[in-house]
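Notes follow once the structure below has been shown.
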Protein chains: 2
Amino acid sequence: MALAEADTRSRILNAAEHLFMEHGFEATTLRMITTDAGANLAAVNYHFGSKEALIAEVFRRRLTWLNEQRLAALEAAEVGAGDTALKPRQIVEAFFGVAIRMAADVEGGGRTFMRLLGRTYTEPSEFVRGFLAEEYAAVVIRFKAALVRALPDVPQEEILWRFHFMMGAMSYAISGADALHILSDVQLDDANTEALYARLMSFLIGGLRAPLPDIQPKKKPSKSRTRKAA
Amino acid sequence: MALAEADTRSRILNAAEHLFMEHGFEATTLRMITTDAGANLAAVNYHFGSKEALIAEVFRRRLTWLNEQRLAALEAAEVGAGDTALKPRQIVEAFFGVAIRMAADVEGGGRTFMRLLGRTYTEPSEFVRGFLAEEYAAVVIRFKAALVRALPDVPQEEILWRFHFMMGAMSYAISGADALHILSDVQLDDANTEALYARLMSFLIGGLRAPLPDIQPKKKPSKSRTRKAA
DNA sequence: GCACCATTCAAACGCTTGTTTAAATCCACT
DNA sequence: AGTGGATTTAAACAAGCGTTTGAATGGTGC
């Protein structure tokens, strides 16, 4: 809510972010947004041009910063390591640690944004996926390369898939208790960020470093060998 | 598309399932659905009563069966094990294996449905989350109990979280290459179900069996101590 | 005081949405 | 052939949508 202090443009962004997280893009109307922001209906089109442009700006203002932080964290780790190879855990922490830390910022809206982002990654809308891909391009290339270097025995394709799986786990970790109450009537403590971070990291590293699966050479559903390499 | 053979009711369900997966619930209109199904606009309200009821039925007709299969797979494993304890891997395979196998069924629409389901699990809409919780209740209680029995050293809360993380990873695994192309311009082979299954299982088991994280005793946001025991 | 630009405002725009209606059509059964 | 219930149809409905308009308002520099 951030009180009613900031200027109209920011109040609209904040209200939109929160409502998008709660109801999704389509179900959130400009009237809901401007009402919550204490602004006139026409303000969105005046300040942003259109609803689509507003959505894009909601992501841009935080995502750019988030990915810069990720790159900075990775570079800091690499500098600290000197000539020695980076451990996979350090890379994972650079990428997901920054995200979890942002999700811990409740008052500043980071929590809201990360919940929104996690869901949006599998968003159907072509338009949303479009600029998401743009924003992610640089950072993903960089982290993928770092992981390939840190895991010389793991095929590149496998690394990409595990990166993908990790993003799924993180996404659910952050969307958190809302979804978890489907799993259990017990209310889980997702306010404890330190704990969530520790839990998620254990899980991610465990998955990333798991024994490689045995993949048949494709297009051959023969069920003979079940060899497992480490 | 299943040709235009089945009766109107089924054709509507199939068209709706596919369109929901592609565009989401809100962005999919009844006119899109009935056009694709080759039916009159009023057919949805005649056969289902409302759009919401149609959404519920799209899930119900497959989810009930899916969860029955999961329970059956778990019981079969337990019978096979006799008095000996079930291995975590068997439990995970019962739950996620059935899902992945359903996702492999492209022609019958299982693939489409599983993609839809994965995204819907973090769906904002209260109404959707409502009946999803209902459908899942029984099966989750059962699997949670099985995991608790199979992992006596792991706290229950930790098991729930890891179960949650696993669902996230699976969800992303199935929504698959659509989202993955954000990660990489390389097109990944998510048509190879056997391979995807093997990959995901390795990752999930690795995460589930990872060393336990160190969790501070909770409810102490004092910034003094940062103790971390191993 | 006045002119100037940015911002806000109430009102309306055209369009699409889910839903309803009442008539038309189909098909099984006698 | 003809009755009756289920289904399909075209048309209309009110409500809500994103967007546009043109006038009112606000504050700055002269």
Side-chain angles (χ1 to χ4, degrees), chain A residues 2-61 116 120 123-128 130-131, chain B residues 2-61 116 120 123-128 130-131:
Chain A
L3 300 158
E5 276 173 46
D7 63 330
T8 303
R9 204 187 122 93
S10 301
R11 291 203 319 275
I12 289 177
L13 284 171
N14 291 336
E17 184 174 67
H18 192 256
L19 287 166
F20 287 154
M21 184 268 285
E22 207 158 39
H23 306 106
F25 301 119
E26 305 266 359
T28 301
T29 71
L30 295 188
R31 284 164 179 84
M32 292 163 69
I33 295 171
T34 49
T35 299
D36 268 34
N40 185 274
L41 168 61
V44 167
N45 286 276
Y46 175 77
H47 285 284
F48 301 94
S50 68
K51 185 181 180 183
E52 276 208 351
L54 169 62
I55 295 175
E57 182 58 20
V58 163
F59 282 95
R60 203 203 48 74
R61 74 165 172 163
L116 174 62
T120 307
E123 175 77 15
S125 151
E126 194 58 43
F127 143 74
V128 174
F131 68 73
Chain B
L3 299 161
E5 278 174 40
D7 63 331
T8 303
R9 207 186 119 93
S10 300
R11 291 202 320 272
I12 288 178
L13 283 171
N14 291 336
E17 183 174 69
H18 192 256
L19 287 166
F20 287 154
M21 184 268 283
E22 206 158 38
H23 306 105
F25 301 120
E26 305 267 358
T28 301
T29 70
L30 296 188
R31 284 164 178 83
M32 292 162 70
I33 295 171
T34 49
T35 299
D36 269 33
N40 185 274
L41 168 61
V44 167
N45 285 277
Y46 177 77
H47 285 282
F48 301 94
S50 69
K51 186 183 180 182
E52 276 208 351
L54 168 63
I55 295 176
E57 182 57 21
V58 163
F59 282 95
R60 203 205 48 76
R61 73 164 173 166
L116 174 61
T120 307
E123 174 77 15
S125 153
E126 194 58 43
F127 142 75
V128 173
F131 67 75

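Naming: A, B, ... by sequence-line order, numbering from 1 per chain.
Sorted by residue number, the members of residues 47-60 of chain B with any non-hydrogen atom under 4.0 Å from DNA chain C read B:Ser50, B:Lys51.
For A:Arg31 against D:dG18, a side-chain N or O and a base N or O form a donor-acceptor pair under 3.5 Å.
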*Might you work through the side chain to side chain contact (heavy atoms under 4.5 Å, CB included) test for A:Met21 and A:Glu17, ending with a clear yes or no?*
CA-CA 6 Å; A:Met21 184 268 285; A:Glu17 184 174 67; over 6 Å; no

*Any chance you could lay out the side chain to side chain contact (heavy atoms under 4.5 Å, CB included) test for A:Tyr46 and A:Thr8, step after step, and finish with the verdict?*
CA-CA 11 Å; A:Tyr46 175 77; A:Thr8 303; over 6 Å; no

*B:Leu54 vs B:Leu13, side chain to side chain contact (heavy atoms under 4.5 Å, CB included): CA-CA, chis, key distance, verdict*: CA-CA 8 Å; B:Leu54 168 63; B:Leu13 283 171; 3.8 Å; yes

*Would A:Phe25 and A:Leu116 satisfy side chain to side chain contact (heavy atoms under 4.5 Å, CB included), going step by step from the backbone distance to the final call?*
CA-CA 10 Å; A:Phe25 301 119; A:Leu116 174 62; 4.1 Å; yes

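Within the 4.5 Å cutoff, no side-chain heavy atoms of B:Phe48 are placed close to those of B:Ile55. A 4.5 Å side-chain heavy-atom check between A:Arg9 and A:Glu57 finds at least one atom pair inside the cut-off. The shortest side-chain heavy-atom distance between B:Leu30 and B:Ile33 falls under the 4.5 Å cut-off.
Among the heavy atoms of the strands lying under 4.0 Å from B:Ala42 is at least one base atom, whether or not backbone atoms are also near. Within 4.0 Å (heavy atoms only), B:Thr34 reaches no atom of the nucleic acid at all.
Rounded to whole Å, the distance from CG on A:Leu30 to P on C:dT8 is 16 Å. Going from atom CG of B:Asp7 over to atom P of D:dT8 covers 8 Å, rounded to whole Å. In this structure, A:Asn40 atom CG and C:dC9 atom P are separated by 5 Å, rounded to whole Å. The distance from atom CG of A:Asn45 to atom P of C:dA10 is 16 Å, rounded to the nearest whole Å. The distance from atom CG of B:Leu41 to atom P of D:dT8 is 13 Å, rounded to the nearest whole Å. Rounded to an integer number of Å, the gap from B:Glu26 CD to D:dG16 P is 14 Å. Protein atom OH of A:Tyr46 is 17 Å distant from nucleotide atom P of D:dT25, rounded to whole Å.
In terms of phosphate contacts, B:Thr8 brings no side-chain nitrogen or oxygen within less than 4.0 Å of OP1 or OP2 of D:dT7.
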